[in-house]
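Here the structure comes first, spelled out in structure tokens, and everything after it is commentary.
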Amino acid sequence: MANFAKPENALKRAEELINVGQKQDALQALHNLITSKRYRAWQKPLEKIMFKYVELCVDMRKGRFAKDGLIQYRIVCQQVNVSSLEEVIKHFMHLSTQKAEQARSQAEALEEALDVDDLEADKRPEDLMLSYVSGEKGKERSDRELVTPWFKFLWETYRTVLEILRNNSKLEALYAMTAHRAFQFCKQYKRTTEFRRLCEIIRNHLANLNKYKDQRDRPDLSAPESLQLYLDTRFEQLKIATELGLWQEAFRSVEDIHGLMSIVKKTPKASLMVVYYAKLTEIFWISGSHLYHAYAWFKLFSLQKSFNKNLSQKDLQLIASSVVLAALSVSPYNQTRGASHLELENEKERNLRMANLIGFNLESKLENREVLSRSAVLAELVSKGVLSCATQEVKDLYHLLENDFLPLDVASKIHPLLMKISKLGGKLTSASSVAEVQLSQYVPSLERLATLRLLKQVSQLYQTMKIESLSQMIPFFEFSMVEKISVDAVKHNFIAMKVDHMKGAVLFGNMGLESDKLQDHLAVLAESLNKARAMIYPTPKKASKLGEVLPGLGEIVDKEHKRLLARKSIIEKRKEEQERQLLEMEREEESKRQNLLKKTEEAEKKRLAAMFEQQRAERIRKEIEERELEEAQALLQETEKHLKRGKKKPILDGLKERQEQEKRLQKVAKTMDHLERAKREEAAPLIEAAFQRRLVEEKVLHEREQQLEVELSRQRHDGDLKEKNRLARMLENKMIFQESVISRRQAEFDQRRVEREERIKQIIQARKQERDIKRKKIFYVRSEEERIKKMRKDEEARKREEAERRRKEEAEHKAKMDEIAEKQRQRERELEEKERLRREALLGRAPEGISRPSELPAGSRTTEPVVATPAAAAAAPTTGKYVPKFRLRPESSGPAPPSEPDRWGKPAPLEPDRRAAGSRAPPSQSDRWTSGSRAPPQDSDRLAGGGSRATPPDSNRFGGGSGSSKAEPWRSSRARNPQRG
């Protein structure tokens, strides 16, 4: 391995080897230089070396060497000069393409040279033998010998470049250009196998980009420029795949585009989406998926109508007609009837994938619910106005197939319409994505649909029909084809029919009483009768209890609905504002990132320039030091020579010589300093003069450029004036249009403002009513709570008062009873004592005779106090013996007053008569104690516990006269306590 001091030497050496025919050695020499670690800093000569290196690789078809050299050069240029790497790669691809074209042109020229009348005369015997043995023609052999090697090398070149440029943010544009050139290579030379490999390579690069997210210089897919490059590459891949007829690869390309859209969460531009759906229509039509084909056409129509302002009416009619015919071409029955569970799961997964590609959202858990269906797409076309944009023939065909019921005439009416539709179509002038529309491709499917509709309608009218009659009614197919169509329809339970070839008849229906047809007719009849009965005898509407309770519920619901709509509009506006802010933030972040990237590149350039300047200064300093060192060494050698020539001198002489030598060295150093100062003083005016000349030259250049700019500005100004004069003619029309637009927008703004104010008023009123209702409810609840609390407090206070009152009454009653008992005991003691004293006084006994009341006779015990009359009390001490009461009447008392009549009018008898008749009058005090008469019940019961019950005493009980028949109440205070009077 030869080591070169400078890269230019290696380039010279390679050119010398090339001149003598040693290209392999020259390539090896350049390869060693490029892969050497010594030259890892980028220099301008390295670019020339790489140009020569790739030229040698192309001439010798050394793809491996080219790949190694480009990888090493990428390492060198990655952070310094990426444009140099781009130029080298472009030169490499240009040389490879040029060599392939030259080989192809040589093969074609050779084929033209071999194209003579007598081909066998021009051939050599060995060529004839080779042609007979191999069986190859001249063109195939020339292609194999000349073209194929260069095509292989060109394909290897594209693969190498894509591998070098992959996942590098600084080389994205070159990567996209290389991919486009590789696609064009596959398209030009019909290289289907290489195209599949190329798609797989690009797909793997994107997968690795998403897998390794911490890679250095990784492209940012969220950046608009990077995303646009990746999308352009995928759409070019999709176009080439459809042009080559590789429909499987085209479908995978569509999935790649959808996956890329899912990664970045952004929708591409409308122009790209139009291409996307246009290619989807072709893919689904080729695959036989007519339902997805119709949905793709519908999306394409929506995009063209919304975003293509230059779309003509004719082109719009053709596209709308294609959409309607594509939807009609879908089979009217479900193809998955009777399928297994695994097949249904696969079909469901397929529906999910297709719906995601088309742009519709499907739930992952769907059982029997139709999402993508023929009826749904037809209803969507009618509701969105697609049918109204189609041609009249298509409209008539739609009504005949979907709405009308003409079993005998449907085929005869559809046939001329299909003939007219088959002639419609052509190229679209205003829709660049859709090159051509041919409606004739839908005619076979429509004929099949018309046959199914005819069989369906005939089966509802007839039970049997001759085969000849049915064949005459269907002009599209022979009866054998009709039979195949009917077999498939019967298999999927669309119609019920049988063909009897022995009788030459067709039998419709299941021939049973419980057939589906009869059931359907009975159900329809029942529904119709119910509707008629409801119209004749409408059921009275019962008043809703809820309506009685809440009479204003409808108004509240309407207000709530309006409030929710207003809230929804506010939320949508907030979402739009948030999205706009997010977009602005993304733009700001992108601009910041670009500015940061530019600043980083500028800082890197400044750093490299400073590093180069530092290396240059270091090199100059080293050269100066080496030169000074060489001069000093030369001076020392000369001094040593002088010392050796002379004789031996004493030590003092040696010291003197050394001192002189030091002085000479100092003098030499001083001389060199003066010399350097003198050189700089001489160079200073020269530098100043050069600077002044540079100023003059730059001033002249500035004036010339300024003059040129003035001329250009004057020309632009003149052009602008001409343009202004040209446009001034439209100023009036522009002002009219502007005023109309402003007035229309002002009116719309005023209307929307009024609506908004009305909506706000309604919302405020609704909220005010809600607040009033809420306040009333709160007030009512609080009032009820306070009332209940007050009732509870009053009840508790009443209970406490009642308990207190009862307690007091019980205490008072107990105290009274205790007092009464105490008084009763006191009276008994007093009476006993008085009785004892009276008896002792009357009987003349000693006071010690009877000491206790218990020693008295049983009849003499009483609880009432004995009060003696004054006469008895006065007579007792004088007589000294017992005198009955009736004998102790006062002398001053007169005759007894007449007795008062009782309540029945009878006069009360006198007291002597009552006594004589044995009446039970109340005895006197003396009688009670002498005759043993009983005391009142309460006293006798309390003291003795026995005896007859006496009559309650009257007011003259203790007096001498007869008492009144009207006695006082038994429980009067005088009866209870006689001593109170």
Side-chain angles (χ1 to χ4, degrees), residues 818-893 911-912 914-916 918-963 967-968 970 972-981:
D818 293 341
E819 184 180 357
I820 291 170
E822 183 64 29
K823 288 181 179 181
Q824 188 68 23
R825 288 191 295 270
Q826 184 67 24
R827 283 198 301 270
E828 289 177 356
R829 286 194 297 268
E830 291 177 357
L831 288 174
E832 288 177 358
E833 184 65 24
K834 287 180 180 181
E835 184 65 20
R836 185 179 63 80
L837 294 175
R838 188 182 64 80
R839 292 183 67 178
E840 288 178 356
L842 291 177
L843 298 178
R845 295 180 181 177
E848 294 85 3
I850 298 173
S851 60
R852 292 186 302 272
S854 60
E855 296 177 0
L856 294 175
S860 63
R861 294 178 186 173
T862 181
T863 58
E864 293 183 359
V866 178
V867 181
T869 60
T878 58
T879 58
K881 62 179 179 179
Y882 175 73
V883 179
K885 184 179 179 181
F886 62 90
R887 294 182 180 274
L888 297 176
R889 292 183 178 176
E891 296 177 359
S892 61
S893 62
E911 189 177 355
R914 278 204 311 264
R915 291 194 194 99
S919 61
R920 299 176 68 181
S924 61
Q925 185 72 19
S926 62
D927 293 340
R928 262 185 252 145
W929 293 103
T930 57
S931 60
S933 61
R934 296 181 181 178
Q938 67 272 23
D939 298 332
S940 62
D941 292 338
R942 192 180 298 117
L943 299 175
S948 62
R949 188 170 182 178
T951 303
D954 53 6
S955 58
N956 298 324
R957 180 175 181 177
F958 300 101
S962 61
E968 293 182 1
W970 179 258
S972 62
S973 60
R974 188 176 182 85
R976 289 194 195 102
N977 194 358
Q979 292 181 355
R980 289 183 184 177

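In summary, E840 and R836 engage in a salt bridge, as defined by a charged side-chain N under 4.0 Å from a carboxylate O. Salt-bridge formation is detected for the pair K823/E819: a Lys NZ or Arg NE/NH1/NH2 atom is positioned less than 4.0 Å from an Asp or Glu carboxylate oxygen.
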Candidate pair R825 and E828, rule salt bridge (Lys or Arg N to Asp or Glu O under 4.0 Å), full reasoning: CA-CA 5 Å; R825 288 191 295 270; E828 289 177 356; over 6 Å; no

Q826/E830 under side-chain contact (heavy atoms from CB on, under 4.5 Å): CA gap, chis, key distance, verdict: CA-CA 6 Å; Q826 184 67 24; E830 291 177 357; 3.4 Å; yes

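Note that CZ of R829 and CD of Q824 are 11.0 Å apart. Values are rounded to the nearest 0.5 Å. Atom CG of L837 and atom CD of E832 lie 11.5 Å apart (nearest 0.5 Å).
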